[in-house]
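The structure appears below as structure tokens.
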Amino acid sequence: MEILVCVKRVPDTAENEFELNGAGNDLDRDDLVYSVNEWDNYAVEEAIQIVDKVGGNVTVVTVGDDESEEVLRREMAMGANNGILLSDDAFEGSDGKGIAAILKAEIEKGSYDLIMTGAQADEGAGQVGGMLAAMLDMPYASLVNKIEVGDSKITVGREIEGGNQEMNEMQLPCVLSIQTGINEPRYVGIRGIRKVAKLDIPVKSASDLGVEGVGDAGAKTKRVDYFVPDLGDGAEMLEGSTDEIIEKLIEKLKAKGGL
Amino acid sequence: MTQIFAYIPYKNGAAEDIALEFPSAAKKIDESASLTAVVTGSGADLDKVVEDMTGIYSEVIKVDNADLAYPNADVVRKALANIIPLDAIFLTAHDTFGMDLAPGLSVKMDSSYAADVVDFEGIDGTTLKAVRQELGGAVSTHMTIDIASGAVMTVRPGSFAPVEGGSAGGSVTDKSGDAGDLSAKRKFLEIVEAEVGDVDITKSDVLVSIGRGIEDEDNIEVAQELAEAMKAVVSCSRPIVDAKWLEKSRQVGTSGQTVKPKVYMAMGISGSFQHLGGVKGNPFIVAVNKNPKAPIFQVADVGVVEDILDFMPELTEAINDL
Ligand SMILES: Cc1cc2nc3c(=O)[nH]c(=O)nc-3n(C[C@H](O)[C@H](O)[C@H](O)COP(=O)(O)OP(=O)(O)OC[C@H]3O[C@@H](n4cnc5c(N)ncnc54)[C@H](O)[C@@H]3O)c2cc1C
Ligand SMILES: Nc1ncnc2c1ncn2[C@@H]1O[C@H](COP(=O)(O)O)[C@@H](O)[C@H]1O
């Protein structure tokens, strides 16, 4: 089975305190720690496990800048066979549809049975997978947390509200967006990354792919600025030494029925 | 005039709460817009929801087809693409169905797309201004959405004030005949219910809830000791379950349990909307987080900026000494 997994390099929410830049139109990106989108790691792990069972190849692809190569290499260190970097100044400022159109162009150059994305990335949109499926006219299921592979069909479980699972049968090829918890992504150490350091990762531009109308000019949805919402009546912050804080907290917990 | 269509999600013949929230969202898009509810499905449940919606919306579209009895997004999308005018604004909930349906619908309708909108700031010409969040709620953004050829948007449940229903006296238009070819390459099979766990966190008045800030499986003991001291139960956010450190039945959130405790201790939890979506009944929320900018502090009643691995043992000791 030929599987393509779309991955994205994103600011790591667990590692960063986000600040706005001076102009307030972007994050202060100088010291941000980036990593592969959490959901994409689960997608790559799932793809590797499927290929281990039924044979085939896992290809990871990203739309990004030169630095995005590092996330492709990381996923190749996990066990993905190939990596492709789609990179061009003309891609900058693309909205979700722009990204999906770029990925679609690459997908049509190959022959994939299964295409996977993460359920969502740093922008919390969860849009690229569903758009890709519609553009490719393939069936789609989002928030997938179980996959059983058959011959020309697969059975997938979707996580729905309350932790219930919706089972579906889908024809191949199809697009799935993967939810966390579907598996336990393998650990990748420095040594693993070193092993794939020399592997060739082709870089493709807009003209290689033959895509137009993407990037900022083609985007119908645009981010104007970032802001941190007014705290309003946010939390009362307890201050002082740890002992003082604990004393105040215990009083409040007693009053509210916590003790 | 701006035309807005709102897709009504429902279960067992009862519309989800967001059915009362779309009218407020629509007003914030355009005070003078026309707003139509769209209800798809089959049989008695559908009829019941359509009837209920006539109390809230002045126009209701009903689409009855056996293929729509279960809301399989690949099927519903086909029907909607034939029924909704291509240049209209289409709203649906940012829930597991909306996420499944809407991005692809925006492609099929060749409309702009915006996900998980939490506020609208009106239309200027053909540009709609909306507010969203990114990075797990750490930052908000203003977006411009070109609505010249329509827009499909998901809105976050609970973000718009619910309206009073009951008296709209709406009229129903049956568009079942317009649904078109509903064959699909995805077939719904069944629902598998979530497993019941060893403890029922929904029954506890006090929850000590841990998130990724607990850092390591071995540290869970520290939370258990605090819970014991407080006669509470340990619950958690999703990453703790994903890592298989605690059972799924302990997860609080939209894809886990809905809890209504008196006191909720959020320990090393950032405060994503999917997590907070499971915390109901307006409990007293205490948040301990080492990041002073963590979004949880916007919703907590009391906040402490400390490392939970140091703070929890000290709090446990102090409580045990009382
Ligand atoms: C469809 C869908 C459904 C979802 N359903 C749920 C759900 O039901 N429940 C749920 O919880 N999530 C759910 N999620 C995931 C959700 O989006 C977040 O990813 C998740 O809630 C984050 O969990 P967290 O706050 O524990 O982790 P993080 O966001 O990583 O936050 C960890 C926090 O701990 C702090 N911290 C780190 N170390 C320490 C320390 N030593 N001391 C003090 N503080 C520390 C950090 O500053 C940070 O604020 C869902 C996502 C999707 C897409
Ligand atoms: N720039 C990108 N390159 C490759 N894949 C992407 C990119 N942006 C988003 N995706 C994929 O789409 C998924 C959902 O992201 P989003 O729709 O942005 O929330 C991600 O988990 C990725 O699999």
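A quick note: this is a predicted structure, and the numbers were derived from the prediction, not measured. Here is the naming used below: chain letters follow the sequence lines, and residue numbers restart at 1 for every chain. For the numbers below, each heavy atom of this structure counts, side chains included, while hydrogens, waters and symmetry mates do not.
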- Query: Under a 4.5 Å heavy-atom cut-off, does chain A meet the side chain of B/Lys129, its backbone, both or neither?
  - Reply: neither
- Task: Give, as side chain, backbone, both or neither, the part of A/Glu19 having an atom under 4.5 angstrom from any heavy atom of chain B.
- Result: side chain
- Query: Is the backbone N or O of A/Ala134 less than 3.5 Å from a side-chain atom of B/Lys108, with the two atoms forming a donor-acceptor pair by type?
  - Reply: yes
- Message: Under a 3.5 Å cutoff, is there a donor and acceptor pairing between the side chains of B/Ser255 and A/Glu161?
- Response: no
- Spacing of A/Asp122 atom CG and B/Glu134 atom CD [to the nearest 0.5 Å]: 6.5 Å
- Would B/Ser149 and A/Lys220 count as having a side-chain donor-acceptor pair, cut-off 3.5 Å? yes
- Between CZ of B/Phe311 and CD1 of A/Ile245, what distance do you get to the nearest 0.5 Å? 6.0 Å
- Item | chain B contact via A/Lys254 - which portion, at a heavy-atom distance below 4.5 Å | side chain
- Message: Only pairs of heavy atoms separated by less than 4.5 Å count here; which of A/Gln127, A/Gln179, A/Glu123 has the most with chain B?
- Response: A/Glu123
- Item | Nearest-0.5 Å distance, CG of residue B/Leu189 to CD of residue A/Gln165 | 11.0 Å
- Task: To the nearest 0.5 angstrom, please state how far the CG atom of B/Asp100 sits from the CD1 atom of A/Ile160.
- Result: 10.5 Å
- Item | Atom group of B/Val192 that falls short of 4.5 Å from chain A, counting heavy atoms | both
- Side chain, backbone, both or neither of A/Leu249 within contact of chain B (heavy atoms, under 4.5 Å): side chain
- Note on the structure: Okay, A/Glu38 and chain B: the region with an atom under 4.5 Å from a heavy atom over there is side chain
- Task: Could you tell me the separation between the CG atom of A/Leu259 and the CD1 atom of B/Ile319, rounded to the nearest 0.5 Å?
- Result: 4.5 Å
- Task: For residues A/Leu27 and B/Val139, determine if any side-chain heavy atom of one lies less than 4.5 Å from a side-chain heavy atom of the other.
- Result: yes
- Honestly, the part of B/Glu306 sitting under 4.5 Å from a heavy atom of chain A is side chain
- Contact origin within A/Leu20 toward chain B - heavy atom pairs under 4.5 Å: side chain
- Item | Lys/Arg-Asp/Glu bridge criterion (N-O < 4.0 Å) met for A/Glu17, B/Lys290 | no
- Item | Carboxylate-amine/guanidinium proximity below 4.0 Å for A/Glu166 and B/Arg186 | yes
- Look at A/Leu143, A/Thr155, A/Thr13, A/Thr242 and state which one has the largest set of heavy-atom pairs under 4.5 Å with chain B. A/Thr242
- Task: For the residue pair B/Arg238 and A/Thr180, establish whether any side-chain heavy-atom pair is separated by less than 4.5 Å.
- Result: yes
- Task: Kindly indicate whether the side chain of B/Leu315, heavy atoms from C-beta on, has any atom under 4.5 Å from the side chain of A/Ile250.
- Result: yes
- If you measure from the Lys or Arg side-chain nitrogens to the Asp or Glu carboxylate oxygens, is any gap between A/Glu169 and B/Lys185 under 4.0 Å? no
- With a 4.5 Å cut-off on heavy-atom pairs, point out which of A/Gln171, A/Met170, A/Arg158 contacts chain B the most. A/Arg158
- If you count heavy-atom pairs under 4.5 Å between each of A/Met135, A/Glu184, A/Arg223, A/Lys153 and chain B, which one has the most? A/Arg223
- Are A/Phe18 and B/Lys293 side-chain neighbours, meaning at least one heavy-atom pair lies under 4.5 Å? no
- Side chains of B/Lys187 and A/Asn168 in contact at under 4.5 Å (non-hydrogen atoms): no
- Query: Which bit of B/Ala243 comes within less than 4.5 Å of chain A, counting heavy atoms only: side chain, backbone, both or neither?
  - Reply: backbone
- Query: Could you state the interatomic distance from CG (B/Leu135) to OH (A/Tyr226), rounded to the nearest 0.5 Å?
  - Reply: 6.5 Å
